[in-house]
2 protein chains.
Amino acid sequence: MSASKRDELVQKALDSFYRGGFHAIGMDRLAKETGVSKTAIYKHFRSKEDLILATLRLRDEQFRNWLYRRTEAATPDPRGRLLAIFDALADWFEEPGFKSCMFIKASSEYQNRDHPIHAMSAEHKKLLTRYFSGLAEAAGAPDPQGFARRLLLVKEGAIVMAHLAGPQLVVGDMKDAARALIDEALPQ
Amino acid sequence: MSASKRDELVQKALDSFYRGGFHAIGMDRLAKETGVSKTAIYKHFRSKEDLILATLRLRDEQFRNWLYRRTEAATPDPRGRLLAIFDALADWFEEPGFKSCMFIKASSEYQNRDHPIHAMSAEHKKLLTRYFSGLAEAAGAPDPQGFARRLLLVKEGAIVMAHLAGPQLVVGDMKDAARALIDEALPQ
DNA sequence: TTACACAATTACCGATCAGTCAACCATCTT
DNA sequence: AAGATGGTTGACTGATCGGTAATTGTGTAA
């Protein structure tokens with residue numbers, strides 16, 4: 001299997017797991033949906049867990065790249081970029097295929113904190129927090145780390161609620177809450 | 001099976017699902033862990049889904065009763081009660097068995113919004129929002145509903161992050177964020 | 001003691017789970 | 001053209017999935 005074929009497999013597996021859930025999607029079904037036979041899959045991944053970890057790595061990369069691009073395209077101003085994060089999230093919530101966050105769902109199904117899948121999910125959030133705190137620092141926040149963690153709470157809560165109740169009522173509240181935290185933490 | 005026996009079964013099933021996940025815990029294992037044979041379980045619940053719904057009903061009742069009691073015991077002041085919500089949550093996060101929110105996990109495994117399990121999870125959050133907005137209204141908030149939804153974002157985000165990263169770094173940030181939203185929305 | 005009703009258990013159903021294996025087939029080398 | 005190689009496949013493993021049916025107690029009334 002070529003490298004591009006492998007990437008394609010991981011991408012398709014990512015879509016399947018995202019739509020269907022990790023336990024609910026079996027390897028047989030995955031083989032059918034990806035068009036790659038089970039044996040061929042196991043040639044490149046020792047176990048289902050390995051494949052899941054690969055999909056999470058890809059998701060982490062794709063999501064953060066997407067978010068970084070969106071915010072950096074919006075404005076050079078770090079404070080504006082912090083606000084732009086939530087415009088990007090709002091667009092995401094309104095995409096037809098939106099079904100919460102891959103990593104929240106992963107940690108829901110693999111609950112033990114020392115499980116590799118759980119640990120990777122935590123790592124994803126850590127990387128996002130770091131991005132937030134970098135922007136906050138550039139914007140002159142006195143406590144960029146704490147602020148970043150607070151802002152992340154709003155982001156994660158909004159994802160959960162957009163999935164549960166739909167994006168309509170969440171998007172506005174999320175932006176309001178984020179703005180309140182930003183106004184409180186950043187010098188005007 | 002007596003009514004109390006049935007309640008006991010639902011409580012034990014609740015614990016199993018909470019600890020292990022819905023798809024991951026099979027009916028055979030559940031029978032073993034509850035001490036009730038599979039046939040006896042199916043005497044009272046048509047399907048696994050029915051049993052899950054019963055556990056969620058119980059969880060909703062227990063969680064909201066617990067939260068209401070905690071906040072009402074803290075202070076008669078509605079604004080103080082809003083703050084007390086997050087003291088209660090902090091204690092919850094630090095319990096040894098804490099593993100996120102049953103309903104967030106349920107909606108992670110049953111993702112379709114019209115699935116009964118997903119719908120019941122959404123209902124739980126709706127009831128909590130209603131409680132928040134009632135307190136906010138009593139505290140004289142100009143937009144109690146919007147405020148309640150914003151506050152819920154912090155709560156849900158904190159649950160997710162306490163599960164992913166541990167309670168240590170989350171508890172303080174959660175209280176800070178909640179206080180910021182409360183200060184912004186409520187007349188001093 | 002016998003007959004009946006009911007509750008719970010064991011054993012089983014087809015389907016699917018994660019994972020493996022022997023056979024196969026296309027391509028490249030000699 | 002023969003053989004080797006690497007990738008792919010369908011068929012298969014034992015275990016477990018959600019759910020059911022036949023059977024075995026167990027308690028009560030006559």
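So that the names make sense, note that chain A is the first sequence line, chain B the second, and so on, each numbered from 1.
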Within this structure, what is the CD1-to-C1' distance between Ile41(A) and dT9(D), rounded to whole angstrom?
-> 13 Å
Atom-to-atom span, CZ of Arg29(A) to P of dT16(C) - whole angstrom | 10 Å
Sequence neighbours excluded, every pair satisfying side-chain hydrogen bond (donor to acceptor under 3.5 Å, both in side chains) that has a member inside residues 90-102 of chain A | Arg70(A)-Asp91(A)
Filtered N/O pairs between nucleotides 19-26 of chain D and protein, under 3.5 Å:
unit_1	atom_1	unit_2	atom_2	d
dG19(D)	OP2	Tyr42(B)	OH	2.7
dG19(D)	OP2	Lys48(B)	N	2.8
dG19(D)	N7	Lys38(B)	NZ	2.8
dG19(D)	O6	Lys38(B)	NZ	2.1
dA21(D)	N6	Thr39(B)	OG1	2.9

Under the salt bridge (Lys or Arg N to Asp or Glu O under 4.0 Å) rule, collect the residues that match up with Lys38(B), sequence neighbours excluded.
-> Asp28(B)
Distance, rounded to the nearest Å, where Asp50(B) contributes CG and dG18(D) contributes P = 14 Å
Rounded to the nearest angstrom, tell me the gap between atom NZ in Lys43(B) and atom C1' in dT10(C).
-> 15 Å
Where along residues 105-119 of chain B does a heavy atom fall under 4.0 Å from DNA chain D?
-> none
Tyr131(B) six-ring face occupied by Arg64(B) cation (under 6.0 Å, within 45°) | no
When rounded to whole Å, the CG to C1' distance for the pair Leu30(B) and dC17(D) reads 13 Å
So which pairs with a foot in residues 136-150 of chain B pass side-chain hydrogen bond (donor to acceptor under 3.5 Å, both in side chains), sequence neighbours left out?
-> Asp173(A)-Arg149(B)
Quick one: list whatever passes salt bridge (Lys or Arg N to Asp or Glu O under 4.0 Å) with Lys125(A), sequence neighbours left out.
-> Glu156(A)
Could you tell me which residues satisfy side-chain hydrogen bond (donor to acceptor under 3.5 Å, both in side chains) with Lys105(A), sequence neighbours excluded, listed by chain and number?
-> Gln111(B)
Phe22(A) has an atom CZ; how far is it from atom P of dA18(C), in whole Å?
-> 13 Å
Set of salt bridge (Lys or Arg N to Asp or Glu O under 4.0 Å) partners for Arg57(B), sequence neighbours left out = none
Just how far, in rounded Å, is P of dA18(C) from CD1 of Ile25(A)?
-> 10 Å
Can you name the ring-ring contact (aromatic ring centres under 6.0 Å, His included) partners of His163(B), sequence neighbours left out?
-> His118(A)
Distance, rounded to the nearest Å, where Ile52(B) contributes CD1 and dC17(D) contributes P | 13 Å
Have Asp7(B) and Gln11(B) got a donor and an acceptor in their side chains that come within less than 3.5 Å?
-> no
Residue pairs meeting ring pair (Phe, Tyr, Trp, His ring centres under 6.0 Å), one or both in residues 169-188 of chain A, sequence neighbours left out, come to none
Contacts of Asp77(A) meeting salt bridge (Lys or Arg N to Asp or Glu O under 4.0 Å) (sequence neighbours excluded), chain-then-number -> none
Estimated bend of the helix from dT1(C)-dA30(D) to dT30(C)-dA1(D) (axis per five terminal pairs, rounded to 10 degrees) | 30°
